[in-house]
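Convention: sequence-line order gives letters A, B, ...; per-chain numbering from 1.
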Amino acid sequence: MNTIIVPALKIEQGPGRALFSFAIKGKEIQSIASISRVKRHEDELVGYQRPEVSNHINEIKRYLESENPMIPNALVIAFNSSVKFVPSDHNKSFGELVIPIIEGDDSKPGLIVDGQQRAAAMREADIDSFQMPVSAFITDDSQEQREQFILVNSTKPLPKGLIYELLPYTETKLASSLQKRRFPARILDELNHRKDSPFYQLIQTATNPSGLVKDNSILKLIEASLNEGALYNYRDAATGTGDIEAMIIVLCNFWGAVSDVFPEAWAKKPKESRLMHGAGMTALGQLMDEIFARYHIDQQKEGVSREQFKQDLEQMKPYCHWTNGTWNFGEDDKVKWNDLQNITKDIQKLTNHLLRKYRMEVWK
Amino acid sequence: MKFFFPDSHDYVDPSFNFETEKNNEHRVIQRDDKYAHELFSKPVYDGILVSKAIVDGVKGVQGRYSVAQRQRFFREGIYRFFRLPKHYLTMGDCGAFSYAKEYEPIYTVDEVNEFYSNSGFTYGISLDHIIFDFETPKKKVTGKQLEECLRRQEITLEKAEEFLIKNKDMSFAPYGVAHGWSPESYADSVIKLQKIGYDRIALGGMIPLKSSEILNVLKCINNIRNTKTQFHLLGVNRLEHIAEFSNYGVTSFDSTSPLMRGLKDDKKNYHTATEDYTAIGVPQVDANNNMRKLVASGSINQNEAFKLEKACLESLIGFEKGVVAKKEVLSALTEYEKLYNSKASRVDLMDKVLTDQPWKKCPCDVCKDIGIHVILKRAAARNRRRGFHNLYVAYEKLQSELNKMNQVK
C-alpha cells in the first residue's frame, strides 16, 4: 500500500488525547482526507459537514493564487486508526506520521473536521508547492469527530466594527466583500482622525467608543456617494479606489457646512439630534450628492466649496427639524422629530422630503 | 409603429468572463453595466417605458432601485441615467399592476406629474386603476363585479381629466388611459377621453386578453375614434397582428415578453425569425435554488454535481470549438440532467438546438460576442443576454412587418 510519511509533532493535551501537528502539500490533502457530508441515511444522521460554498472557495482560491499567500490556521483532520505515529528514537514527541494513500473515491483514512472550504480551494487552485499546516487526531469514533466539528465551528465572529477599523491598515488581497469596504473604511478613518475634519473624533468605532455617529452610517453614505454621487467623480474604476484627497475635501466641505448651518444639531447625541442619527446622516449624504451635482458640471473639474454648500443648506433650514418640532412629509404625514427611526422606510421618507424641497425650492 | 421596452433594471455586466464565470471585482452595478441599447450596434427598441412603481417601490416595499440610485435617476433624468441617446423616446407610467389590489391608486396626480417632469420623459401616462374582468359571450359581467368595473373606470377617467388640466405646465406629452371590460366599455372610455381633450390614448389591461379579443376591442373603438387619435397598447406584443393594429390607429406598444421568455419560458426561450428553440439547462450547483436545496439536504452529492456541471460546460465549449462531438455533449448533459430533473428528459430539444446551432447564424451582437453561451440556461449573465437577443429578433420581425405594410400601401 502507498503511504505518505510526514514529520510530525505529537502534542499530548490530556490522558489519551493526542494531537499531531504536521504540514502537507495542499494538493495532497485530497488523497488522505475526504469530507463527511451531513445527510439522513434511513432516518439516521450521518456525517456533519455542510455543502461547499463556491463563493467562499473562489475567494480563498483567488487569495492562494495571489502573489505571496499565507494561511496560518491549520486544517483539522480526524484520522482513523490506519494512521500510525512512529516516534523518533531520541524524543517521543517527535516522529513521523504514516498515512496510507487511497486514490479514487474509496474511503480515505481522514475526514476533514475543519477547513473544507480551504481544502477545496487548494484542490481547485493553480498552486504547486503550497504547504498546509494540519492538526490531526486519531479516532474511529464518529461522535468525537462531530463534537470537534461543532466546537471549532461555534466560535463567535469578530464584531464588524473592529474589522472595519482594521481594514485601512491592510494591503493584501482580502475577501471581496471586505476588499470593497477597505477604501470607504480608509476615508472614514481619515474623517475621524484629521484635526481639520468636521467629524474629528465624532465617529464611533472600536477604539473611539465615545463617538456620536455610528461608523456604519458613515460607511454607508460614503459607499452610496462612491457609487451614485459626488465621490464617484473622483473614483478610479480600475482599482476601486481613487483620489482620496479630493474626496475628503468634498466631504469636509459639505459636513463642515452642515455644522455651520445646524450648530444646534451638530455633535449631539443621536438621542438629542436626528442629524447625528443613521436616518439624518443617510439623507444628508444624499443631499450632499444632490448639491454637488448642481455646482459640479461635467466639464469643470473643480469641487464645491464649503460656502457653496452652506448657501444651499441655509435655504433648507425651514424644512428641517433635527432637534425639535415636526417633519412635514406631506398632508397626512407629519412625524415628530424624534419619532424618526433608522429604518428603510423612514430614511426613504426623509431623503425624499429633503431632496424634493431642495429641487423645488433651491435648485429649480 | 413604435416599440417601447419596459425596463426594470435590465442590464448586463460587459466584463463578465464566460470562461471563469467572474465579474470584474470593482464593477459598480448599473454604472458599469450595459443596457440593450448600448450592447447592440443597431436599435432593438424605439424607446423605453419606466414605471413609477419600479423606481419608487410601492408602499414601504422598496422598488428595484436603491435609494441612491433613485435619487440619481431624478437628478440626472431618464436620458442620462440610462445613457440613452436623445433620438429614443421615453414613456412614463404608474405601474398600475403593482397596486391593482388596492381600493384606489396609491399615488396622486401631482406625485405622478412630478415623477414624469423630474425624469424628463417624452410621454407620460395618466394615473389609472386596472380592471381585471373581461366579458365573453358565455360570461357576462354583472352585479357587484360590474359595479367594481364601473368604479375603477370612473376613477381612471377622473384622474385623466385632472392630469390633462395640470399638463399645461408640464414638459411631457400626456396619454390618457382607457380601461374596460368589453369592447363597448372600452369605447365608452375612449369617447370620454377624447371629449376631455386627449388625442393620445393608452389602452390598458389587455395583457391577459386573446388576440381576437383585443382586435374586437380595437374594431369597436375604431368606429368612434377621432381620426387624429393615436393608441398605445400597454404590455401587448402580438407581432403577427401589427398590420391590423395599425389600421385601427395603434401607433405604439410596449412589451417585456421577448426578454421575459428568454429568462423564464420553459420551452421557447431562444427565438429566431423562423423558429423558437429551447435553451440548454446547465444550472449552477451553488447558485441555482433547486440545486442548492438538493445539495443542502444531502439528496445529491455536491462533488458529483460539480463534476457533472463542469463536464457539461467544458463539452459545450469544446463543441463550439469543434473539438467535441454532439453525442458527447448530449451524454454529459443527460448525465447532469438526471441529477436535477426527475421529470421527462429534454434531450430531444437539446439535440435539436445543437444540431441547428441557430446562434451561429444569428447576426446580432450578443450571439456574435458570446456564441454558444447565449443558448445556455444558466444565471443572469447568459439568460438576460438571451433575452436581449430575443428583443433583437422581435424588433427585426416588427421592422419587416412594417416594411410589408408600406409595400402594400
Smallest heavy-atom separation, Glu228(A) atom then Ala68(B) atom, equals CG-CB, 3.6 Å

With a cut-off of 6.0 Å (strictly less than), are more than 12 heavy atoms of other residues, nucleotides or ligands near NZ of Lys334(A)?
-> yes

Could you have a look at Ser225(A), Ala224(A), Ala238(A) and say which one has the most heavy-atom pairs with chain B under 4.5 angstrom?
-> Ala238(A)

Arg27(B), Glu76(B), Gln284(B), Arg75(B): which one forms the most heavy-atom pairs within less than 4.5 Å of chain A?
-> Arg75(B)

Should we say atom OH of Tyr319(A) is surrounded by more than 12 heavy atoms from elsewhere, each under 6.0 Å from it?
-> yes

Flag if over 12 foreign heavy atoms under 6.0 Å of NZ, Lys180(A) = no

Got a sec: does the NZ of Lys22(B) have more than 12 other heavy atoms crowding it under 6.0 Å?
-> yes

Drop me the distance from Ser54(A)'s OG to Glu21(B)'s CD, to the nearest 0.5 angstrom.
-> 10.0 Å

Heavy atoms only: give me the nearest Asp286(B)-Asn55(A) pair and the separation to one decimal.
-> OD2-N, 4.3 Å

Atom CD of Glu331(A) and atom OG1 of Thr108(B): how far apart are they, to the nearest 0.5 Å?
-> 9.0 Å

Heavy-atom distances under 4.5 Å only: say whether Asn301(B) touches chain A with side chain, backbone, both or neither.
-> neither

Ala120(A) versus chain B, heavy atoms under 4.5 Å apart: side chain, backbone, both or neither?
-> neither

Would you say Gln348(A) and Val67(B) make side-chain contact, with heavy atoms under 4.5 Å?
-> yes

With chain B, the option among Asp236(A), Asn227(A), Ile347(A), Thr282(A) that has the most non-hydrogen atom pairs under 4.5 Å is Asn227(A)

Asp333(A), CG: over 12 other non-hydrogen atoms inside 6.0 angstrom = yes

Using non-hydrogen atoms and a 4.5 Å limit, figure out which bit of Arg294(A) sits close to chain B: side chain, backbone, both or neither.
-> neither

Testing Leu354(A), Asn352(A), Asp289(A) for side-chain contact (heavy atoms from CB on, under 4.5 Å) with Gln71(B), which one passes?
-> Asn352(A)

Mark yes or no: Arg31(B) above the aromatic ring of Tyr232(A), with NZ or CZ under 6.0 Å from the six-membered ring centre and no more than 45 degrees from the axis.
-> yes

Using a 4.5 Å cut-off on heavy atoms from C-beta on, say whether the side chain of Thr351(A) contacts that of Arg70(B).
-> no

Count the heavy-atom pairs under 4.5 Å between each of Leu355(A), Thr239(A), Ile35(A) and chain B, then report the option with the highest count.
-> Thr239(A)

Answer yes or no: is there a donor N or O on one side and an acceptor on the other, between the side chain of His26(B) and the main chain of Ala237(A), under 3.5 Å?
-> no

Chain A shares the most heavy-atom pairs under 4.5 Å, among Gln30(B), Gln302(B), Glu25(B), with Gln302(B)

Do other residues, nucleotides or ligands put more than 12 heavy atoms under 6.0 Å from Lys377(B) NZ?
-> yes

Around Ile29(B), counting heavy atoms of other residues, nucleotides and ligands shown, do more than 12 lie under 6.0 Å from its CD1?
-> no

